[in-house]
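As the structure is a prediction and not an experimental result, all values here were calculated from the model. Below, chain A is the first sequence line, B the second, and so on; all start at residue 1.
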Amino acid sequence: MLTKLKLEWKECIENALKKISALDDIPPLAMAEPPKSELGDVAFPLFSYSKSLRKAPQKIAEDVKAYLLENGHPEGEIILAGAYFNVKLSIENTFKPLYDSVKALGDDYGKNDSLGGKKIMLEFSCPNTNKPLHLGHMRNDSIGESISNILKANGAEVLKVNLINNRGVHICKSMLAYREFGGSETPESTGEKGDHFVGRYYVKFATWAKEWDKKISEAEESGNAELAEELKASHPDLRAQKMLKEWEDGKEDVIDLWNTMNKWTLDGIGESYKNMGISFDKIYYESETYKYGRSEVLKGLEDGVFYRAEDGAVKIDLDEIGLDTKVLLRKDGTTIYITQDIGTAIRRHDDYPFDSLIYVVGSEQAYHFKVLFYILKKLGYKWADELHHLSYGMVNLPEGKMKSREGTVVDADDLLAELENLAKSEIIEKGREALVDDVDKTAHSIALSALNYYLLQVTPSRDMIFDPKKSISFNGNTGPYLEYMGARISSILKKAEEAGLKEECVDPSLLKEDAEKELIKLIAEYPEAVEKAAKDFDPSVIAQHLYSISKTFSSYYHDYQIINAETKEIAKTRLALSSLVLQCLKNGFKLIGVEYLKSM
RNA sequence: GCGCUCGUAGCUCAACGGAUAGAGCGUCGGACUUCGAAUCCGCAGGUUACAGGUUCGAGUCCUGUCGGGCGCGCCA
């Protein structure tokens with residue numbers, strides 16, 4: 001509604017410019033947001049016309065105004081500010097249609113069809129089966145889940161896929177350590193979550209290997225060369241390599257152990273996913289996909305896309321994109337990481353003929369994806385142009401990088417539990433137990449919302465710093481703040497109902513306060529935010545918009561009474577406005593992993 | 001060394017090439033007999049790392065310098 005009005009003005013001013021200049025072809029008019037509401041609701045900078053019209057932009061603005069006053073213009077008040085032609089729209093007049101629209105659409109308000117009919121495959125998470133999830137995974141998962149919801153809200157059909165990294169020498173390490181030190185212990189027997197249990201053995205392997213190194217150097221220092229050699233030959237690292245070979249050969253006891261431990265980890269990770277509201281439509285396992293790429297590469301070799309180097313390895317020349325060469329098959333014919341990804345992408349397109357495939361993967365793999373996409377394009381796949389690497393930055397701690405060796409890795413389960421405790425004590429401290437139906441459930445919701453909001457409010461591509469102690473406060477620009485606004489509005493609406501007041505769009509001109517106009521504007525602009533978030537693959541667009549709405553509303557209901565407004569008519573209309581704000585918040589919450597609570 | 005990326009308030013983050021660079025946290029000071037104070041209001045805090053350039057206009061684009069981060073494996 002508002003957008004339509006703005007566009008009407010734009011067209012009208014463009015016409016006026018043509019008439020004034022007597023030129024048919026003028027550059028398109030730019031549209032901007034005035035910095036302050038006193039300066040209007042939409043701004044049209046006229047600088048760029050001063051050359052072709054050979055007039056000062058201020059003069060152009062005056063001429064346009066004069067022309068429009070004489071020849072008519074859309075609804076609104078013209079405000080000239082230097083070279084800016086601004087318009088103050090009669091916002092309150094847009095309230096009625098906005099109200100009807102939001103009420104009719106309900107939970108669908110904000111959805112659009114900008115990606116209508118598009119099939120999009122979205123890959124994210126991709127955990128290893130040798131350790132539990134940490135903070136870095138959480139950013140990945142939050143972004144993945146949020147982007148999925150955002151794309152769907154824009155009309156796309158989304159298939160969320162996960163690729164479980166369950167093979168390789170690193171997986172064998174935890175297996176080996178378990179076989180060496182585990183005895184008969186199981187997650188059941190120790191009461192540990194499976195992923196933490198396995199992760200413990202992965203850490204154990206590292207210390208074991210380190211001790212082994214120490215033993216070797218001790219033997220060398222004491223001149224016992226024979227012992228040193230013996231130790232080297234049975235080094236844990238070598239044994240892990242050997243185990244990988246056995247795994248690939250299908251040695252039964254290794255496969256059994258692998259199955260057992262993978263299940264432990266995946267059960268544990270699955271529990272974390274459930275706890276964090278993460279889900280997938282399809283799961284791929286690297287133990288299967290790692291075989292895919294070879295035949296594709298050989299086909300490419302036949303077609304002359306790749307070449308065989310002197311030593312027998314298959315390579316591609318990346319000179320065209322300013323890079324070196326890249327090996328795709330080792331000289332012994334085995335595949336490497338990128339070979340698998342080539343095969344997997346092709347296989348996926350067969351499984352689900354996507355229009356677009358988005359990989360949510362850390363920025364450190366930007367090079368890998370650049371090469372991967374180039375290769376797929378070279379192989380002649382048209383859809384290679386629609387592959388995207390949604391690159392996100394690292395999550396660092398105030399002290400610097402998370403380092404497993406120094407034990408500074410923030411565990412996902414621990415962090416969530418910690419936040420839940422914080423939320424719970426907050427509820428109890430404030431004496432809100434009676435207000436909420438289920439304290440634990442509410443605490444969980446608040447914790448999760450806090451975490452998701454914190455991770456999503458930062459533009460994905462940027463590195464971010466996460467202070468587990470300080471950063472997750474429940475005050476200020478946070479998930480709980482948004483939840484609180486939702487709860488407050490919900491509470492007001494309930495109170496109104498009890499008082500026999502029903503929301504009604506009685507007379508929009510009753511909404512004459514600045515804050516009210518601002519709210520109408522923000523609600524009207526919400527669908528644009530949904531569209532922009534999808535276009536930019538950026539959930540923070542939604543987060544920012546919802547924060548603006550919440551902050552404006554919060555300030556508004558402190559300054560103005562809603563239920564006890566001067567007249568019943570004003571009260572009803574303000575209730576109508578409040579209910580739109582709530583609907584808008586609820587719809588946006590779903591896109592960024594914040595839960596709506598009626599009370600908290 | 002080469003490539004990518006970032007440098008904005010004490011801290012964490014914003015800002016389609018547009019007007020006086022904004023929020024939150026923290027500091028200080030106010031507001032609960034009033035629809036829920038996980039709230040609100042106010043003060044202070046900036047030569048947007050630096051130097052040039054393009055433009056009517058640059059935090060944003062270009063070049064260079066300095067400083068972070070990440071890549072540059074026949075690891076994944």
Side-chain angles (χ1 to χ4, degrees), chain A residues 30-36 39 43 45-51 56-57 81-84 86 126 128 165 167-170 286 290 309 311-315 322-324 326-332 334-341 362-368 370 391 393-394 396 398 400-401 423 426-427 429-430 432 435 446 450 454 457-459 461-467 470-471 473-478 480-481 483-485 487-496 499 532 540 543-544 547-548 551 554-565 571 574-575 578 599-600:
Chain A
M31 202 156 71
E33 181 98 358
K36 280 187 172 178
L39 291 169
L46 299 173
F47 300 100
S48 53
Y49 300 99
S50 67
K51 236 177 208 170
Y84 289 92
N86 293 359
C126 305
N128 288 328
N165 189 333
R167 70 169 285 279
V169 71
H170 54 299
E286 213 185 284
Y290 88 103
D311 63 0
V314 177
K315 297 187 178 180
L323 301 170
D324 209 356
K326 175 85 189 166
V327 172
L328 302 176
L329 282 178
R330 298 189 185 98
K331 59 189 166 201
D332 62 4
T334 54
T335 64
I336 59 170
Y337 180 47
I338 195 157
T339 324
Q340 301 163 29
D341 262 5
S363 57
E364 69 273 13
Q365 293 202 39
Y367 171 85
H368 169 76
K370 195 175 172 189
S391 165
M394 300 227 142
N396 295 318
K401 281 193 74 163
E426 193 93 350
I427 293 169
E429 216 173 274
K430 291 179 193 301
R432 296 264 177 77
L435 257 176
I446 292 168
Y454 189 83
Q457 78 184 131
V458 181
T459 309
S461 63
R462 294 178 55 135
D463 287 356
M464 64 183 286
I465 292 177
F466 185 94
D467 187 335
K470 284 196 302 188
S471 297
S473 125
F474 293 156
N475 307 321
N477 186 0
T478 64
Y481 174 83
E483 283 191 304
Y484 181 69
M485 279 315 122
R488 291 296 307 275
I489 298 171
S490 162
S491 169
I492 291 169
L493 294 176
K494 195 176 146 205
K495 280 241 160 68
K532 185 168 160 45
S540 77
Q544 275 176 53
Y547 179 65
S548 296
K551 197 170 151 50
S554 185
S555 161
Y556 168 63
Y557 83 89
H558 268 269
D559 292 347
Y560 302 98
Q561 289 285 318
I562 293 172
I563 297 174
N564 303 318
R574 284 181 178 172
L575 281 169
S578 304
S599 57
M600 60 186 278

Check every atom of [options] against the side chain of [X] and return the nucleotide holding the closest atom.
X	options	value
A/Ala32	B/A38, B/C75, B/C16	B/C16
A/Tyr484	B/C56, B/U12, B/U39	B/U39
A/Leu39	B/U39, B/A38, B/A19	B/A19

Reading RNA chain B from 5' onward, which residue's closest nucleotide shows up sooner: A/Asp332 or A/Ala366?
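It is A/Ala366 whose nearest nucleotide is closer to the 5' end.
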If you find the nucleotide of RNA chain B closest to A/Met31 and the one closest to A/Ser48, which residue's nucleotide is nearer the 5' end?
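Comparing both residues, the 5'-ward one is A/Met31.
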Would you mind classifying the nucleic acid contact of [X] as base, sugar-phosphate or nothing, using non-hydrogen atoms under 4.0 angstrom?
X	result
A/Ala499	nothing
A/Glu286	sugar-phosphate
A/Leu323	nothing
A/Thr334	nothing
A/Leu329	nothing
A/Asp341	nothing

To the nearest angstrom, how far is A/Glu33 atom CD from B/A19 atom P?
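Checked: the CD to P distance equals 12 Å.
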Could you state the atom-to-atom distance from CD1 of A/Ile465 to P of B/C6 in whole Å?
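My rounded result for the distance is 16 Å.
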Would you call A/Tyr481 stacked on B/A38, i.e. ring centres under 5.5 Å apart with the planes less than 30° off parallel?
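Check failed, A/Tyr481 does not stack on base of B/A38.
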Can you name the atoms? Protein N/O to nucleotides 20-29 of chain B N/O, anything below 3.5 Å, with the distance.
unit_1, atom_1, unit_2, atom_2, d
B/A23, O2', A/Tyr547, OH, 3.3
B/G24, OP1, A/Lys551, NZ, 3.1
B/G24, O2', A/Asn477, N, 3.2

Counterpart residues, ring-ring contact (aromatic ring centres under 6.0 Å, His included), relative to [X] (two or more places apart):
X	value
A/Phe47	A/Tyr84
A/His368	A/Tyr337
A/Tyr454	A/Phe466

Which residues satisfy the salt bridge (charged side-chain N to carboxylate O under 4.0 Å, His left out) test with A/Glu33, sequence neighbours excluded?
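Checked A/Glu33 against salt bridge (charged side-chain N to carboxylate O under 4.0 Å, His left out); zero matches.
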I'd like to check the side chain to side chain donor-acceptor pair (under 3.5 Å) partners of A/Thr334; sequence neighbours left out, ordered by chain and number.
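For A/Thr334 the side chain to side chain donor-acceptor pair (under 3.5 Å) partners, ignoring immediate neighbours, are A/Arg330, A/Asp332.
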Residues in side chain to side chain donor-acceptor pair (under 3.5 Å) with A/Tyr49, at least two apart?
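By the side chain to side chain donor-acceptor pair (under 3.5 Å) rule, A/Tyr49 matches no residue at all.
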Under-3.5 Å N/O pairs linking protein and nucleotides 33-35 of chain B:
unit_1, atom_1, unit_2, atom_2, d
B/C35, O2, A/Ile562, N, 3.4
B/C35, O2, A/Ile563, N, 3.0
B/C35, N3, A/Ile562, N, 2.9
B/C35, N4, A/Tyr557, O, 2.2
B/C35, N4, A/Tyr560, O, 2.4

Kindly give the atom pairs (protein nitrogen or oxygen, nucleotide nitrogen or oxygen) under 3.5 Å for nucleotides 67-71 of chain B.
unit_1, atom_1, unit_2, atom_2, d
B/G69, O2', A/Asp463, OD2, 3.3
B/C70, OP1, A/Lys401, NZ, 3.3

Stem list for RNA chain B, please, built from Watson-Crick and G-U wobble pairs under 3.5 Å and keeping only runs of at least 3.
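Correct response: B:1-7 with B:66-72, B:10-13 with B:22-25, B:28-31 with B:39-42, B:49-53 with B:61-65.
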Under 3.5 Å between N/O atoms: give me all the protein pairs with nucleotides 57-61 of chain B, atom names plus distance.
none

Any protein N or O atoms within reach of nucleotides 8-10 of chain B? Criterion: under 3.5 Å, listing atom names and distances.
none

